[in-house]
Amino acid sequence: MDLPADEGWDPTPGIVSVWADTAGRALVWRRLPQTGRLVREDVRFSPWLIARRLEDVPQAWIDDVRELEGPGALRHLVHVKPGSRIAALRDLGKDRILVLPPEEQYLVATGRTYFRDLSFDRLRRMQFDLETTGLDPLRDRIFMVAVRDPSGATSVLEARGAGDAAEADLIRRLVSAILAADPDVIENHNLHGFDLPFLARRARRLGVTLAFGRIPVGLRQRAARRGVLADDEGPQRIRFVAPGRELIDTLDAVMRYGFSTGDLPWRGLKAVARHFGVAGTDRELIPGDRIYEVYRSDPARVRRYASADVEEVARLAEILGGAAFALARMAPRRYERLADAGAATGVIDPLLVRAYLRAGRALPAHQDGDREPHTGAALHLFATGAAHRVVKADVASLYPSLMRSYRIGPARDTLGALLRLVDRLVERRLAAKASAKASRPGSAERFTHEAMSAAMKLVVNSAYGYLAAGGSLTRFADVHAANEVTRRGREVLDLMCRSLAERGVTLLEADTDGVYFAVPAAWSEADERRVVSEVAALLPPLVQLEFDGRYQAMLSHEPKNYALLGYDGSLVLRGVAFRSSRAEPFGDAFLRCAIPRLLVNDVAGVREAYVKMATALRRREVATYDVSSRVRLTRTPEGYLKIRDSRRELPYEALLASGRTSWTVGERIRVYRTAAGSGGLVADSEDGVRADDTDPRDYDADHYVSVLRDNFAERLSRALAPEDFNAVVADPDQPSLFEPLLAEARTILAPV
DNA sequence: AACGGACGGGG
DNA sequence: GTGTACGTCCGTT
C-alpha cells in the first residue's frame with residue numbers, strides 16, 4: 001500500500017506472464033525469485049468497466065456499482081457478472097465507456113505488475129529464426145529453423161525432404177522444441193513482421209496447430225496498428241499471441257532506440273549487431289535472396305548463418321530489452337504490449353487510468369479539442385559552409401523540463417497525475433544516465449543503461465506528445481497546455497542563442513532544444529565550457545543546458561543536414577544530403593574522403609579526391625557494385641509492360657535485361673546504368689556481403705562522373721567560393737590552369 | 001519543388 | 001480490441 005499508484009502496489013514477485021478472459025479467470029505464471037521455479041496461479045477476478053451513464057450497461061450484467069468522485073465524465077465503476085459480453089460495449093465509443101482487455105483489467109484492479117523482484121537475466125528467453133525459400137508464404141516454404149534455448153545452446157532444425165509432409169514435420173519439431181524448453185519469452189528480429197505470420201500461414205496451409213503457448217490452444221491474434229494484414233477478411237492488422245509466453249520483437253526495441261538517439265540509421269539485424277559490437281568477426285553472411293540456393297550446395301554455411309542470427313538476437317535483446325522490461329514493472333499491461341506499444345497511449349494512459357481508479361476518482365472521457373491550432377518548435381539556420389571550433393550545446397528533455405518547471409499539465413488532470421509521473425520518470429532517467437556514464441564505454445552494461453535512459457526519455461518526452469495529440473487519441477489531451485510548452489521552448493531557445501551570440505560566438509544552427517556554434521580561434525575548451533555554463537545559468541529552473549560535444553569543424557549544408565569532423569578525425573554525417581540508402585557507394589566513399597579534407601582547408605586535397613574518383617570511374621576501376629544504387633520496386637511486371645512503350649525505367653529495364661520477367665512489388669534490387677544506355681543488375685548485399693559474381697564493369701562512366709559532380713561534390717559547394725568549387729569539379733580530362741590556385745583556396749562560411 | 005502518406009523488416 | 005516518437009522515400013500535384 002505504500003507504493004505510489006504509478007508504481008503498482010501489489011508486491012507479488014516474479015510474474016512472467018498473464019492470460020485472462022472475460023469470464024473472470026486469470027492465469028498468472030510466476031517465476032519464484034529465490035529458486036527460479038515456475039508456478040501457475042489460477043485466480044478469479046471480477047471483470048469491470050467504467051461507464052458515463054449506468055443505463056448504457058445492461059442491468060442483467062451488473063454485479064456491483066461504485067460511483068467515482070471528481071468532475072470526470074466516466075464515473076460509474078461497474079463490476080459485471082463473469083461472462084458478460086462487455087467488449088461489445090466498446091461500440092458505444094470512448095467518450096461513454098472504458099473497457100480494458102481482460103489482462104489489463106486484472107492488473108489494474110490488483111495493482112500487480114510483471115517482474116517484481118525478478119532480474120532480466122532470470123527470465124527464460126528463447127530465440128528462433130526461420131530460414132525460408134523466399135518471402136512469400138503462399139509460395140515459399142520453411143526449410144530450416146535455428147533455435148537458441150534458454151541455456152544458450154543453439155541447434156538447427158531442418159526439413160527432411162522438400163514436400164508438405166517434411167515442412168509440416170519441421171514445424172511440429174519446432175513446437176516440440178519450444179514446449180520442451182518452456183521459455184517465458186520468445187524473441188527474434190522482426191518476429192511479428194516475418195517469422196510468426198510466415199509460420200502461421202504455413203501451419204494453417206499444412207494443417208498443423210501452433211500450440212506453443214502454455215495452454216493447449218493455437219496462436220491467438222490481437223489487433224495491432226503495426227501488425228501484419230490478417231489473412232481472412234478486411235484491412236485488419238494483427239499480431240500473434242501465444243498465451244503464457246511473451247513474444248518480443250527486437251526490431252521494436254531497435255526502432256525505439258533509433259528514434260530516441262538518432263544514431264541507428266539501419267535497422268536490419270546484421271547492421272544493428274555490428275553497431276552494438278555483438279557480431280562475431282567471422283560471422284557468416286549470405287545475401288537474403290541466395291540463402292536457399294546456398295543451402296542446396298553448402299548447407300553447413302546456412303546452418304552457421306542461421307545460428308549466428310539467433311545468437312545475435314539473444315545478445316541484442318539483452319542490450320535493448322531492459323527498457324521494456326523496466327516499463328513492465330511499472331505499467332499495468334503485458335510485457336509484450338509494452339515492448340511494442342507507443343509511449344503515450346501505450347504506457348502513459350494505462351498508468352493514468354490506474355492512478356485515477358486507485359484514488360477513487362472519475363476519469364475524464366476522450367474529448368475533441370476546440371479549434372485551437374497546435375504550434376510547433378523553432379528551427380533556425382544561421383550560416384552555411386565550413387565552420388571551425390564548433391560546439392554543440394543542448395537541453396536534455398526540454399519539453400518535460402518546461403512542464404515540470406512551470407507545472408504545465410492537462411487542465412482535466414485534476415489529480416495532477418501526469419506531472420507527478422513525469423517527475424518520477426525524469427528522476428529515473430537521470431539515474432540511468434549516470435549509471436551509463438559510470439560504466440565502461442562499449443560494454444553491454446552501458447548499452448543497457450543507455451537503453452533504459454532512452455526508454456524513460458521516450459516516455460517522458462511523449463508526455464508532451466500526449467498533451468499535443470488530438471483528443472480522440474489521448475484522454476487528457478490539451479492543445480492549450482501543449483502550445484504553452486512549445487512557446488516556452490521557443491523562448492528558451494531564443495534566449496540561449498541571444499546570450500551565446502552576446503558572448504562572441506558565431507551561431508550555426510539551432511533546433512528545438514539544441515544549438516551548434518563556432519568559437520573564436522583563441523578560445524580553449526575551458527572557454528567553451530564556461531560560455532555554456534554562463535548561458536545555462538540564465539535559463540529557467542530544471543532546464544539544464546549541457547555541453548554536448550566539440551568538433552574540429554562542421555560543414556553546414558541545409559537545416560538538419562551537416563557533417564562534423566571530430567578532433568580525433570572521426571566524421572559524423574547527418575541528414576539525407578549526406579546519408580541515404582539510395583546513394584551509390586562510390587559517392588559515399590568520395591564524401592567520406594573529401595569532407596575531412598575540406599574541413600581542414602585542404603581544398604587541393606578535395607580536388608585530388610575528385611580527380612581520383614572521376615578518373616577511376618572513367619577507367620572503370622570502380623566496381624560495378626559501387627556505382628549501383630538500391631531501389632524498391634513499385635510496379636508489377638504487368639504494370640510496367642503497359643507503360644514501357646511510353647516510358648522506360650531503369651530498374652525494370654535492368655530486370656528484363658537480366659532475363660527476369662517476374663518480381664514482386666516491394667522487392668529491393670541494385671541497379672546501374674550501362675554504357676549501352678540500359679540497366680544492369682547487381683546482386684543485392686545490404687549487409688556488406690558482396691556476391692562473388694564476375695564484375696561486368698560495363699557501366700556508363702560519363703553518367704557516373706556527372707552523378708559524382710552533381711549529386712555528391714555539390715554537397716561541398718556551400719563551403720567554397722564559386723570559382724574554387726568550379727575548379728574542384730572541373731573535368732580532369734581537360735587539365736586546367738585552376739589547380740595551382742587551389743593550394744591557396746580557403747573554405748567559406750556565409751550567413752543565411 | 002513542395003506536400004502527404006507509407007514505411008521502417010524478414011528470406 | 002487498434003493509433004509514437006523520426007527520417008526517408010515514393011507518388012502526387
Side-chain angles (χ1 to χ4, degrees), chain A residues 22 86-91 94 99-102 104 129-137 139-144 188-198 221-228 235-239 249-252 254-262 264-272 286-295 302 305-306 309 337 340-349 399 454-455 457-466 468-470 472-474 560-561 574-577 579-583 630-635 666-668 684 686:
Chain A
T22 51
I86 54 177
L89 293 176
R90 289 201 179 96
D91 294 342
K94 285 184 289 197
V99 182
L100 296 180
E104 295 176 23
D129 183 56
L130 306 185
E131 303 304 329
T132 67
T133 60
L135 292 171
D136 179 1
R139 195 183 60 209
D140 301 309
R141 291 186 185 278
I142 305 167
F143 67 90
M144 179 186 284
N188 195 18
H189 202 66
N190 207 17
L191 177 71
H192 285 291
F194 179 72
D195 298 83
L196 290 173
F198 199 104
Q221 302 182 351
R222 63 179 161 98
R225 192 65 154 192
R226 287 168 52 230
V228 293
Q236 167 100 327
R237 288 184 173 274
I238 54 119
R239 283 190 166 195
D249 192 334
T250 47
L251 178 59
D252 291 328
V254 163
M255 291 212 178
R256 266 191 185 168
Y257 180 88
F259 285 134
S260 49
T261 67
L264 258 190
W266 310 112
R267 322 270 201 229
L269 175 64
K270 283 78 180 167
V272 175
I286 308 172
D289 57 357
R290 302 197 35 198
I291 288 173
Y292 187 54
E293 171 193 329
V294 171
Y295 179 68
V302 178
Y305 169 84
D309 274 7
R337 289 286 292 114
D340 73 17
T345 52
V347 181
I348 294 178
D349 212 53
Y399 285 175
K457 178 179 175 180
L458 184 83
V459 177
V460 160
N461 284 349
S462 60
Y464 160 75
Y466 187 101
S472 59
L473 285 180
T474 61
K560 296 186 169 205
N561 281 268
R574 281 280 146 82
V576 65
R579 49 200 278 177
S580 159
S581 63
R582 290 204 53 165
R630 193 164 184 239
V631 298
R632 188 169 174 274
L633 301 179
T634 56
R635 299 188 191 280
E667 195 179 334
R668 291 219 163 78
D684 192 8
E686 70 252 54

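In the text below, chain A, chain B and the rest are named by the order of the sequence lines, each starting its count at 1.
In this entry the distance linking OH of A:Tyr292 with C1' of B:dG10 reads 18 Å, nearest Å. Atom P of nucleotide B:dG8 and atom NE2 of A:His189 are separated by 12 Å, given to the nearest angstrom. Counting to the nearest Å, the C1' atom of C:dC6 and the OH atom of A:Tyr399 are 14 Å from each other. For the pair A:Leu191 CG and B:dG11 P, the interatomic distance rounds to 12 Å; values are reported in whole Å. Rounded to whole angstrom, the span from the CG atom of A:Asp252 across to the P atom of B:dC7 amounts to 16 Å. Counting to the nearest Å, the P atom of C:dG1 and the CG atom of A:Asp340 are 15 Å from each other. Computed from coordinates, the A:Asp195 CG to B:dG11 P distance equals 7 Å when rounded to whole Å. For the pair A:Arg239 CZ and C:dG1 P, the interatomic distance rounds to 16 Å; values are reported in whole Å.
Note on A:Leu100: nothing from the nucleic acid sits closer than 4.0 angstrom, heavy atoms only. Note on A:Thr132: only backbone sugar-phosphate atoms sit closer than 4.0 angstrom, heavy atoms only; bases stay farther off. Residue-level contact check: A:Gly227 touches neither bases nor backbone, having no heavy atom under 4.0 Å from any strand. Residue contacts for A:Arg222: at a heavy-atom cut-off of 4.0 Å it reaches no nucleic acid atom on any strand shown. Using a 4.0 Å heavy-atom distance criterion, A:Asp129 is classed as a sugar-phosphate-only contact. Nucleic acid contact for A:Asp309: sugar-phosphate only, since backbone atoms but no base atoms lie under 4.0 Å from a heavy atom of the residue. Using a 4.0 Å heavy-atom criterion, one finds that A:Leu135 contacts the bases of the nucleic acid, with or without backbone contacts as well. Across all strands, A:Arg141 comes closer than 4.0 Å to no nucleic acid atom at all (heavy-atom distances).
Not a single donor-acceptor pair under 3.5 Å links the side chain of A:Asp129 to the backbone N or O of A:Asp309. A donor-acceptor pair under 3.5 Å links the side-chain atoms of A:Arg90 to the main chain of A:Val99, judged by distance alone.
There is no side-chain donor-acceptor pair under 3.5 Å between A:Tyr292 and A:Asp140.
Neither OP1 nor OP2 of C:dA5 sits under 4.0 Å from any side-chain N or O of A:Tyr466. Checking the phosphate oxygens (OP1, OP2) of C:dA5, no side-chain nitrogen or oxygen of A:Arg226 falls inside 4.0 Å.
Comparing C:dG7, B:dG8, B:dG9 by their nearest atom to the side chain of A:Asn190 picks out B:dG9. Among B:dG11, B:dG10, C:dG3, the nucleotide with an atom closest to any side-chain atom of A:Arg337 is C:dG3. Nearest to the side-chain atoms of A:Arg90 among the listed nucleotides C:dG1, B:dG11, B:dG10 stands C:dG1. Comparing C:dG3, B:dG9, B:dG11 by their closest approach to the side chain of A:Arg225 singles out C:dG3.
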Inset, instruction - Would you sort out whether A:Ile291 and A:Val302 count as a side-chain contact (heavy atoms from CB on, under 4.5 Å), showing the intermediate values? - result: CA-CA 7 Å; A:Ile291 288 173; A:Val302 178; 3.9 Å; yes
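Scanning all heavy atoms of the two residues, the minimum distance from A:Glu131 to A:Ala306 falls at OE2-CB, 3.5 Å. When every heavy atom of A:Arg239 is checked against every heavy atom of A:Ala224, the shortest pair comes out as CG-CB, 3.7 Å. Of all non-hydrogen atoms in A:His189 and A:Gly268, the two that sit nearest each other are NE2-C, 3.8 Å.
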Legend entry - Pair assignment for DNA chain B - dot-bracket with | for other-strand partners, Watson-Crick or G-U under 3.5 Å: ||||||||...
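Counting heavy atoms from C-beta on, the side chains of A:Tyr466 and A:Asp349 come closer than 4.5 Å.
Between the P atoms of B:dG9 and C:dT2, the separation comes to 26 Å (whole Å). Comparing the P positions of C:dG1 and B:dG8 gives an interatomic distance of 25 Å, to the nearest angstrom.
Put simply, the side chain of A:Lys94 and the base of C:dG3 share a donor and an acceptor less than 3.5 Å apart.
In summary, of the residues considered (A:Asp340, A:Asp252, A:Asp249), a side-chain hydrogen bond (donor to acceptor under 3.5 Å, both in side chains) with A:Arg226 occurs for A:Asp252 alone.
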